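The structure appears right after this line, and notes come after that.
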Amino acid sequence: MVMMGRRRYCPFASHGFLLLMLLPSLLLFHHAPVVAGADAPSSQPQLSSTQETIMMNISSVVRDSRFNTSSNPCNWSKVSCTRSGSSWVVTSITLSNYGINDSSIFASICRLETLQSLDLSRNTLTDLSTQFFTSSCAMKEGLRLLNLSTNQLRHPLSDLSGFRQLKVLDLSSNFFTSKNLSTDLGSFPKLMSLNLSSNKFNGGAVPTTMIDSLVELVLSGNQLIGSIPSGLFRYENLTLLDLSQNNLTGTIPNGFNNLTKLETLLLSENRLSGGIPESLLNVTELSRFAANQNNLTGTVPSWITKHVRMLDLSYNNLSGRILSDFLSHPGLQSVDLTNNQLEGPISSNLSPSLYRLRLGGNMLDGSISNSICNDTELAYLELDNNQLTGSIPSELGKCNSLSLLSLASNKLRGSVPAAISNLEKLVVLKLQNNSLSGPIPDTFPASLIILNLSQNSFSGEIPSEIFKLPKLSNLYLQGNKISGSIPVSISSSKSLIELNLGDNALDGTIPTMPNTASTSLLNLSHNHLSGPIPSSINSLGELEILDLSHNNLSGEVPSSLAGLTSLTQLVLSYNNLSGSLPIFGQNVEIDIEGNTDLVNGTGNNSNTYTTHKKRIHNVVIIVFTIAGALVGLCVLAVIVMMSLSKRIYRVEDEGLPAGESVPQVISGCLITMNSIHTSAIEFMKAMEAVSNHQNIFLKTRFCTYYKAVMPNGSTYSVKKLNSSDKIFQIGSQEKFAREIEVLGKLTNSNVMVPLAYILTVDSAYLIYEHAYKGTVSDLLHGGKSDVIDWPSRYSIALGVAQGLTFLHGCTQPVLLLDLSTKTIHLKSANEPQIGDIELYKIIDPTRSTGSFSTIAGTVGYIPPEYAYTMRLTMAGNVYSFGVILLELLTGKPSVSDGTELAKWALSLSARPDQREQILDTRVSGTSIAVHSQMLSVLNIALSCVAFSPDARPKMRNVLRMLFNAK
């Protein structure tokens, strides 16, 4: 059940430490009853006048109506008091997520010498007052628990060295630094739980100078280097060790025999090599082990799952066979070995408690066992991108809990068993790129959202029932042998987002399209369709890509198609169309080649692609399609998470009132801690806004922007990430949330930073401040009669360069998947903000859905090396920025008449006397100073678009050169 009764605040570090919950009661208040809020006894406790005055001062700083302050501070909702002799004293204050940004609060807190627990997490503090560090802070001597996580604090860790009584210290998700982490941690001789994740502890080694009784150590999300020190093995009380997301190298030491109490070991996203140490066999309490995204080699030992319940070794170089007892150990719940080099058959002996099995991207062979579903509760089963043979066993119909089934890119033959229709919880079914044949089944589960049967040998007709599935949003049947006409039942479809029926043998006419669908892709190319293009296609109000090429369509192109404001690509090539093409918007790419009687109407700037341009585009598509076939990724992990018992990820159900037009929400999360935004943003209003097409103010290649007005009158931008099957890079909601929340901590005036995100069953939405005055593309090419002067253009260039330099300079550099003048928003005529910074983190550019290939960037901005390297780089971003500079210098778009601006500029620059022709003469002739500066900037732009990535300057040097350009 989806609810929207409350919003969820999501700190980046969410390990849920047991000690953080238990220590206040076990260690702090064991000597007297705790009094807090409504639990106060009938005889009201009374603080001394001094402490009561201090508490009143604290409440005046908080200024939040949720902070329930009555006349007696011991009854406040976030305060605990305890008896001390004949009087009462304050011992605990919890002010998490109250939008506190005033460091003066510490002056009052320091006077509470009885305070033992202080939680100021998830606020917007940027500084701890000087008094907080000095000996005059009386509170320091008694404090046992200090939680300052998820703020914006930038202190050296040594500043906290005076808090020597701390047992629990959580500084995660800040900007703390340290010259010597081992030395600084030696200042806390009583620590039992330490969380320093997501800070700026870079370049140092993993410390080993903590107290021997340490129970929890979390150092993830920093830039620690070196190997895992053997000194960690003397901490025999450790239950949690998290060293993930660092730059650790070397092998995993074989010394875990001493850590007999260890329950969670996280080593993910490092550069570790070697094999899995045998000493882990003796850690009988270990229930979760993750070492994914490293360079581990060797075999996967069967004993590793003897005690471990949740295992993730994905994205390594592990080889060998999966032994028969590896998946059978009782209690085993989740196994992820995606993208390794494993071979051999898949064992049919599975643990009864196993609900997640991910083995995609290996070299596994043999057939899928008929007994794979016996006595299991599988919800995820991903065996894609292997070499499995044989048929799909009908016994899969016994996996009653299955929500995601991916058998794509194997060598499976035969038909799809009818028993698949018994899977009442199935959400995603991916069987593409096999050798399956026979007819497409008449029935599928009503719960199905994504169905991919493409690139097989299915024959017969498309069953009309398939379009009656109430939740079906993505249907891919391209590349088969399907014949007959397209069922008229398509008109009743309510949820289609992407429909690809290309490369089949379909005939007849195109039926009436649904008038309520939110379809963004319609591909009917390479069939035998005849008759006219129906005007009902105009009912697909969110259509972005329409491909009807290589058919036998005739008649005129309906003028109603020009009313599709979302359209970005129209492919009508090689039909028998006639008449005059309607006038489309400037942003629509049009291909009408092969229609001898069709005339391109005046006003269409995007004409038929030249052969050269099409060849380049096709090379990119082919390369990335091949790459996509090598990587099997999870599409809708969020949906499946909702069907599980939340055993790994703590996902709270959030939602909206039921309604056909309002998206169903899985969860909503406020990233920002700014009280102005936290009090204004309402997720329900955001979803109501995106359900109304009139609120759209911008569409880019990957995103659609909506304007949302909140109940208090504040205006926000809500961005929808288009194409749901490309959202999750590794198929994990936790991954998505973590990446977005990291970006939400960035602060730069030239970068659009998300304030919140919302997840629905088929998409994701981000919320931003709304200060939109168009894009740089609108400013330069929007058809305005006014010529933009050079100072404005130069200011835009500087702003974009500053933003991009900032993103590249982050501890974990932020690369841009799509950097163009269309993705740079304007807060004013000369104040740019780089948008879409999250795409690199959450969209996989190697994935492809037929002709709807998600490639890295927009044509004209894509560096030449991307066609073969298949990876984003800083140098690639510099190339895109160089094209933007050229647009500012020339006033021309990135592509004109099939010629890319960068190539045109480079060809003219070969002769110095021709460089003058590159500049926009409407601007360059205004003064000698402007002309000189534009020539200087031109030299910078040409260096940025150099063919060789190694020849391009770094962004910090580009920024310096721009500042010095005269």
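Note: hydrogens, waters and symmetry copies are ignored here, and every other heavy atom, side chains too, is used. As the structure is a computational prediction, the values presented were derived from the model and not from experiment.
If you check the side chains of Y476 and Q432, you find no donor sitting under 3.5 Å from an acceptor. Between the side chains of S454 and N452, a donor-acceptor pair is found at a separation under 3.5 Å.
Side-chain N or O atoms of H329 include none that pairs as donor or acceptor with a backbone N or O of I304 at under 3.5 Å. Between the N422 side chain and the I420 main chain, no donor and acceptor come within less than 3.5 Å of each other. A donor-acceptor contact shorter than 3.5 Å links the side chain of T873 to the backbone of G876. Under a 3.5 Å cut-off, the side chain of N294 and the backbone N or O of L267 do form a donor-acceptor pair. The backbone N or O of L337 sits less than 3.5 Å from a side-chain atom of N362, completing a donor-acceptor pair. Judged by distance alone, the side chain of N551 and the main-chain N or O of L529 form a donor-acceptor pair under 3.5 Å. Not a single donor-acceptor pair under 3.5 Å links the side chain of D507 to the backbone N or O of H528. Between the side chain of D336 and the backbone N or O of D312, no donor-acceptor pair lies under 3.5 Å. Within the 3.5 Å criterion, the main-chain N or O of Y315 finds no donor-acceptor partner in the side chain of N339. Using a distance-only test at 3.5 Å, with no hydrogens or angles considered, a donor-acceptor pair links the side chain of S495 to the main chain of P470.
Identified under the disulfide (SG to SG under 2.5 Å) test for residues 362-394, with sequence neighbours left out: C373-C399.
Between S351 and G331 the shortest heavy-atom distance is OG-N, 3.7 Å. Scanning both residues, N575 and N552, for their nearest heavy atoms gives OD1-N, 3.4 Å. Heavy atoms only, all atoms of each residue included: D442 and E465 are closest at O-CB, 3.3 Å. Of all the heavy atoms in I440 and P463, the pair that sits closest is O-CG, 3.7 Å. A pairwise comparison of heavy atoms in P393 and P417 identifies O-CG, 4.0 Å as the closest pair. Summarising the geometry of V427 relative to L448, their closest heavy-atom pair is O-CD1, 3.6 Å, with the distance given to 0.1 Å.
Surrounding CD of E424 are at most 12 heavy atoms belonging to other residues, nucleotides or ligands under 6.0 Å away. For Q387, the CD atom counts as densely surrounded, since its 6.0 Å shell holds more than 12 non-hydrogen atoms of other residues, nucleotides or ligands.
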Check: Stepwise, does the side chain to side chain contact (heavy atoms under 4.5 Å, CB included) test hold for T251 with S273?
Finding: CA-CA 5 Å; T251 60; S273 57; 4.2 Å; yes
Check: Do T389 and L412 pass the side chain to side chain contact (heavy atoms under 4.5 Å, CB included) test, and can you show the C-alpha distance, the side-chain angles, and the key distance before you say yes or no?
Finding: CA-CA 5 Å; T389 56; L412 299 173; 5.8 Å; no
Notebook entry, point to check: Given N295 and N317, is the side chain to side chain contact (heavy atoms under 4.5 Å, CB included) satisfied, shown in steps?
Noted result: CA-CA 6 Å; N295 300 311; N317 298 311; 4.3 Å; yes
Next item on the list: Would you check, one step at a time, whether the test side chain to side chain contact (heavy atoms under 4.5 Å, CB included) holds for I510 with L524?
Entry: CA-CA 9 Å; I510 300 175; L524 306 179; 4.1 Å; yes
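L817 is listed as a side-chain neighbour of L872, based on a closest heavy-atom distance under 4.5 Å. In this structure, S489 and K468 have side chains that are in contact, with non-hydrogen atoms separated by less than 4.5 Å. Using a 4.5 Å heavy-atom cutoff, the side chains of I368 and L407 are in contact. The closest side-chain heavy-atom distance from I449 to L472 is not below 4.5 Å. Within the 4.5 Å cutoff, no side-chain heavy atoms of L522 are placed close to those of D547. Taking the side chain as every heavy atom from C-beta outward, V300 and N340 never approach each other to under 4.5 Å. Contact annotation: the side chain of E382 approaches that of L404 to within less than 4.5 Å [non-hydrogen atoms, C-beta and beyond]. By the 4.5 Å heavy-atom criterion applied to side chains, M363 and L342 are not counted as neighbours.
Partner of L477 under the side-chain contact (heavy atoms from CB on, under 4.5 Å) criterion, chosen from L506, L501, N456: L501. L350 pairs in a side-chain contact (heavy atoms from CB on, under 4.5 Å) with only one of the listed residues (L332, L327, V335, N374), which is L327. Checked options N500, L499, L546, V571; the residue passing with N523 is N500 (criterion: side-chain contact (heavy atoms from CB on, under 4.5 Å)).
Here the OG-CD distance, from S401 to E377, works out to 5.5 Å after rounding to the nearest 0.5 Å. Here the straight-line distance linking atom CG of L426 with atom CD1 of I450 works out to 11.0 Å at 0.5 Å rounding. With rounding to the nearest 0.5 Å, the separation of CG in N292 from OG1 in T338 is 9.5 Å. For the atom pair S348 OG and I372 CD1, the distance stands at 8.0 Å (nearest 0.5 Å). If you take CD on Q478 and CG on L453, they are separated by 9.5 Å, rounding to the nearest 0.5 Å. Between atom CG of residue L359 and atom CG of residue D384 there is a gap of 9.5 Å, rounded to the nearest 0.5 Å.
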